[in-house]
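One structure is given below, encoded as structure tokens.
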There are 2 protein chains.
Amino acid sequence: MTEVTTTGADLPRLRELNSLSIVRALRDHPPSTVTELSRRTGLSRPAVDVIAQGLVTDGWASVLEPGASSAVGRPARRYQFRAGAGHVLGIDVGVHKILALLADLDGAIVHSVRHAVDAQAGPEARLAELDEVVDACLTEAGKTPTDIWAVTVAVTGAVDSAGRTTFFTPLPGWKGVDLTAHLATHFSCPTVIENDCKLAALGEQWKGAATDADDIVYLLAGLRTGAGLIIDGVLRRGFGGAAGEIGALKHVRWLDAPQHLQNCPGVPETVSPDDAAAWVFNAARDGHKAARTAVNRYVKDLAVGAAALVLTLDPQVVVFGGGFSRSADLMLDPLRRELERLCLRMPEVRASTLGADSVALGALKLSLNEVDQRLFGGSLSAPVAPRR
Amino acid sequence: MTEVTTTGADLPRLRELNSLSIVRALRDHPPSTVTELSRRTGLSRPAVDVIAQGLVTDGWASVLEPGASSAVGRPARRYQFRAGAGHVLGIDVGVHKILALLADLDGAIVHSVRHAVDAQAGPEARLAELDEVVDACLTEAGKTPTDIWAVTVAVTGAVDSAGRTTFFTPLPGWKGVDLTAHLATHFSCPTVIENDCKLAALGEQWKGAATDADDIVYLLAGLRTGAGLIIDGVLRRGFGGAAGEIGALKHVRWLDAPQHLQNCPGVPETVSPDDAAAWVFNAARDGHKAARTAVNRYVKDLAVGAAALVLTLDPQVVVFGGGFSRSADLMLDPLRRELERLCLRMPEVRASTLGADSVALGALKLSLNEVDQRLFGGSLSAPVAPRR
DNA sequence: CGAAATATGCTCCGAGCTTTACAAAGTCGG
DNA sequence: CCGACTTTGTAAAGCTCGGAGCATATTTCG
């Protein structure tokens, strides 16, 4: 019955907006004087002063008393965003490992815990391991679940808007798992489940190979092949969460592409199937003939799907990531050549700089985005942080 | 040197924001009383009253004096957005025709002019015809170029951010044409050049088959084959304006797909190549064997590219448009079957409801968006409309 | 030590929104 | 036809907020 679309603003709301404006300015350039903030926001000095003091009493900012000054004139009090007011979690539930990252509101990583997991482990064992990793991460950092403002978990396979893993996933028995419900028993904050490729794309945009780009295609090249898309600066999930799954098209041989490497003639019997690809890359570097053709065939197959993504989206950058990106030196140029042949407008092709960490970092970033949306989207009141 | 990022807001700015809020509310439900606006915006009645009167004196709104009232109580003055304060143009420069639509700020079409053009006409002749269409449209509606607040022109081929047609285009000799510069001699308002497929997608979202969707793949199926993408409610151009050009991939046989229809065995010699497809569709409806297989082969080729788009973007709706959409009855179900086979999550498949007008309507919508952005994005001051 | 420069803190003013109150203009019922 | 009621239009009072200006504090430089 009550109108929700209250678009009009009164004076308190104006104050709120200006407070948000100050917080934003504070986060961009951490230790700021009132005069700097005044210049950056366009507000007058007295207004900024009042608001900044309010932010301090509410726990959003802290003051650095003058100390040693470098310029002439009375040294200014410096305010800084209290990044420690809250924390977020980013968790990568992979086939072989679980990695949890804990960061403050500035995205600075406070602690991380990585456990190895048996690739064959069922959902119960995996969930138990997940709980253990989260517990360890929190206790070792001296935090409790109530200190956490957002949690994002990366899983393999397409994730629908409710957080369910649909279609398929390489995690054994994972298909029906309701991770959201499981996390709700530990955390009362918002929890997001998302596909690992998509989060890796976000990670590379945040702190990796594509910080300057707003239109990115991330290629996950490994034993699995996948993609994550960032369009106009925002991670795109698609209507059903299945965006980027071009590998499902039969004309694109993504499913079988890694077999060029695994079934390469000449791989010694002593090398396990999981390590075969690494052996082939090394052999190719040493000039091994069969290995070179295997790599080229792999890249050729990868490029067809990549070209479909590029032609559809016309991105600025293609990031080559995933387990095979450690051998990007071998594949980047052939990939460029193939794309050049197949595409209309050639994007930049770059190798991942984060490697396997991109997934967990992307999860962290999505948690931060979630918090930002709650703060900047609505009011600044929700989770007040009173303590110093 | 001056700081552009003035995020803070003072009192005048608050008034401005509230004015915009009222304008928006006014546009949603045209004839509104002050009380209604007050309820919808959350502002108090006196505030709304003052703002509304200001909007009237500035020419943004007009008053409807009471008249016959139906309810009890004193009859209310009704305000309405003055859609006639400005006008926009949407123009479709096609191979065979040029169509110009003139609309007011509500998007209501005031006048339209369509001229046929020789498909072989060179750029000079085509530009001259364009000028003639625009002139006719304005003068017949009693407008001058200064009454126009935004112009969008649809052309074939990929358009870069500067409005140049790059790569290729079916319009003879069109490749180097600087349409933006040409329009600047007529109009001082912003002019946008955009690809016709993309605008058709926008048209279908605005007034066509996908008004309820935010994630749309529009298929242009005709003698040319193309696509336009709307992701999260916004038309996506790609970094270089070449988004949706999946037809350039050799594995996707979009370029040759229409030849299944044109080279269908059994087409009489008397039928011109341009009309061959229509003949095949009619024959297929009558049970003509070769025609049916030709249609099926065409749909099969079309579906591969469509599947690549769908798998990449996971849209809610696929709109089947273009010249062939008049025969959607024949192709919609086969297309669904093919997509069902190729895709992970099946989107809805709908036939275009606008037909060939979708392009010009989309151009119109983009012009309106341009105006909206100028109004709602910044201040309400720019093009004041003083006259009653 | 004084001048210059910069930052802080305070007061006053004006703008804008809300609340309250009241007059105006209709309808409805007798 | 008239009075009660309801809703709208309008004016006044009060509150909050940001801007401008000035006095004061603190540091550097000459």
Side-chain angles (χ1 to χ4, degrees), chain A residues 3 6-23 25 31-58 61 63-80 379-381, chain B residues 3 6-23 25 31-58 61 63-80 379-381:
Chain A
E3 283 285 323
T6 162
T7 65
D10 54 356
L11 279 303
R13 175 67 182 153
L14 178 63
R15 165 58 65 97
E16 205 168 51
L17 290 171
N18 282 339
S19 293
L20 286 171
S21 178
I22 301 275
V23 169
S32 297
T33 70
V34 173
T35 313
E36 284 168 12
L37 289 172
S38 159
R39 215 167 18 79
R40 282 214 296 277
T41 59
L43 268 53
S44 71
R45 267 199 320 275
V48 174
D49 195 71
V50 172
I51 291 172
Q53 285 176 19
L55 289 176
V56 170
T57 63
D58 285 351
V63 283
L64 260 63
E65 279 307 332
S69 70
S70 56
V72 33
R74 174 174 175 171
R77 202 174 12 232
R78 301 186 96 81
Y79 290 87
Q80 64 182 0
S379 68
L380 190 53
S381 46
Chain B
E3 281 287 323
T6 161
T7 64
D10 54 355
L11 280 303
R13 175 67 181 154
L14 179 63
R15 163 60 65 99
E16 207 169 49
L17 289 171
N18 283 339
S19 293
L20 286 170
S21 176
I22 301 275
V23 169
S32 298
T33 69
V34 172
T35 313
E36 284 168 13
L37 290 172
S38 161
R39 212 166 21 79
R40 281 212 297 276
T41 58
L43 268 55
S44 71
R45 248 202 354 259
V48 174
D49 195 73
V50 171
I51 291 172
Q53 285 176 20
L55 289 175
V56 170
T57 63
D58 285 350
V63 284
L64 262 63
E65 279 305 333
S69 70
S70 55
V72 33
R74 175 173 175 171
R77 207 175 4 231
R78 302 186 96 82
Y79 290 87
Q80 64 182 0
S379 69
L380 190 53
S381 47

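Quick note on labels: first sequence line is chain A, next is B, and so on, each numbered from 1. Given the structure is predicted, the values throughout are model-derived calculations rather than measurements.
At whole-Å resolution of the value, CG in A/Leu37 and C1' in C/dA7 are 14 Å apart. Summarising the geometry, the separation between CZ on A/Arg77 and P on C/dA7 is reported as 12 Å, rounded to the nearest angstrom. Atom P of nucleotide D/dG9 and atom CZ of B/Arg78 are separated by 10 Å, given to the nearest angstrom. A straight line from CG of B/Asp49 to C1' of D/dA12 spans 15 Å, rounded to a whole angstrom.
Within the 4.5 Å cutoff, the side chain of B/Tyr79 has no heavy atoms near those of the B/Glu36 side chain. In this structure, the side chains of B/Arg15 and B/Ile51 come closer than 4.5 Å at one or more pairs of heavy atoms. Side-chain contact between A/Val56 and A/Val63: present, with at least one pair of heavy atoms (C-beta onward) separated by less than 4.5 Å. When side chains are defined from C-beta on, B/Leu11 counts as touching A/Leu11, because their heavy atoms get closer than 4.5 Å. Between B/Val23 and B/Leu55 the shortest side-chain heavy-atom distance falls below 4.5 Å.
The nucleotide whose nearest atom lies closest to any side-chain atom of A/Pro75 is, among C/dA7, D/dT8, D/dT26, D/dT26.
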Report summary line: Letter by letter from the 5' end, nucleotides 16-23 of chain C scores (B base, S sugar-phosphate only, - none; protein heavy atoms under 4.0 Å) SSBB----
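Closest heavy-atom contact between B/Val34 and B/Arg45: CG1-O, 3.7 Å.
Residue-level contact check: A/Thr33 touches neither bases nor backbone, having no heavy atom under 4.0 Å from any strand.
Phosphate proximity of D/dG9 to B/Gln53: absent, as no side-chain N or O sits under 4.0 Å from OP1 or OP2.
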